[in-house]
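Note that ligands are numbered from 1 as they come in the structure, with each ligand's atoms numbered from 1 the same way.
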Amino acid sequence: MPDPGDGESADRRAELASRLQAVRARVDAACAAAGRDPSAVQLLPVTKFFPASDVLALVESGAVEFGESREPEAGRKADEVRAVSGRSDLRFHMIGQLQRNKAKTVARWADRVHSVDSPKLAHALDRAVGTARESGDRDGALEVLIQIGLDDDEAKGRGGVVEDELLTLANGIEQSANLRLCGLMVITPLHGSAEAWMAKAAGIAQRFIAEHPGAAELSAGMSGDLEIAVKYGSTCVRVGTAIMGDRPVISP
Ligand SMILES: *Cc1c(COP(=O)(O)O)cnc(C)c1O
């Protein structure tokens, strides 16, 4: 008996495949315009709010790394996608704001966290990863990025540490047993000029890399501003809407 959902899911798979390809073409064009090597910019599909079947469709289209931002949705989905696909090479990134009490669950499924924004969160993740490694729930260290805040007026900003606190946090992470510092992450504030914010982020990143040459990654750019982010040195664009379509509206 044919599954009545088959036609619909085939359509969705085709839609995701073509949107993924179109966004990759945008990233490649932005790299060409900036004189950068396209292999130096990762396209990370952001699958929050969308079902495991969509993630599996993207796997079929060649994607191997995914961004998620909400627990427990993220952990459940990562488990399901790994089990159904039977693949051990898929990687899941936690990109959203993270509370310390979620460190334990995130340590179980995440390969990378983009949103470390305090020494307390770094410490909680370090301990949680240590426990997960001891109990055999996890293999390696957790890769982390420090989220930098661009707007000093935090009320209007979108989280992250200010530059003054950056080196202290970075040194703490580098001394931890279970975290590996890979670079910085930024979310461009919604107000003002995206280009001016990205130029500011690039300046912070340049000064940071001088101190931490082994942590040279910069996660920046989303559906709306990925071209600007690539121009200013992003090594990872996190793209949801342009690949997945509109997310459901969350009620407050
Ligand atoms: C949801 C999300 C994205 C993707 O945003 P789009 O505008 O849908 O591409 C990127 N980064 C973070 C931190 C997110 O939470």
Legend entry - Pick from Ser69, Ser223, Pro45: the one approaching atom 6 (P) of ligand 1 most closely through a non-hydrogen atom: Ser223
Inset, instruction - Look at atom 14 (C) of ligand 1 and find which of Met222, Lys48, Arg238 reaches it with the closest heavy atom. - result: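 Result: the heavy atom closest to atom 14 (C) of ligand 1 is in Lys48.
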Inset, instruction - Determine, for Arg100 against Asp126, whether the closest basic-nitrogen to carboxylate-oxygen distance falls under 4.0 angstrom. - result: no
Inset, instruction - Check whether any N or O atom of Ala242, backbone or side chain, sits under 3.5 Å from an N or O atom of ligand 1, and answer yes or no. - result: no
Legend entry - Side-chain donor-acceptor contact under 3.5 Å, Thr47 with Glu68: yes
Legend entry - Approximate separation, where rounding is to 0.5 Å, of Leu58 CG and Ile243 CD1: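 Going from the CG atom of Leu58 to the CD1 atom of Ile243 covers 6.5 Å.
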Inset, instruction - Measure the CZ-CD distance between Arg19 and Glu15 for me, rounded to the nearest 0.5 Å. - result: 5.0 Å
Inset, instruction - Indicate, with yes or no, if the rings of His93 and Trp109 have centres closer together than 6.0 Å. - result: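 Here the rings of Trp109 and His93 have centres that are no less than 6.0 Å from each other.
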Inset, instruction - Distance to 0.1 Å, residue and atom name: give those for the protein heavy atom nearest to atom 12 (C) of ligand 1. - result: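 Ranked first by proximity to atom 12 (C) of ligand 1 is Ile95 CD1, 3.4 Å.
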Legend entry - Residue and atom name of the nearest protein heavy atom (relative to atom 8 (O) of ligand 1), distance in Å to one decimal: Thr241 OG1, 2.5 Å
Legend entry - Ligand-residue contact atoms, ligand 1 with Val239, heavy atoms, under 4.0 Å: 9 (O)
Inset, instruction - Heavy-atom contacts with Ile187 under 4.0 Å: which atoms of ligand 1 show up? List them by number with element. - result: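 This gives 13 (C) as the contact atoms.
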Legend entry - Minimum heavy-atom distance between Val41 and Cys236, given as atom pair plus value: CG1-N, 4.4 Å
Inset, instruction - With heavy atoms only and a cut-off of under 4.0 Å, state how Arg247 meets ligand 1: side chain, backbone, both or neither. - result: side chain
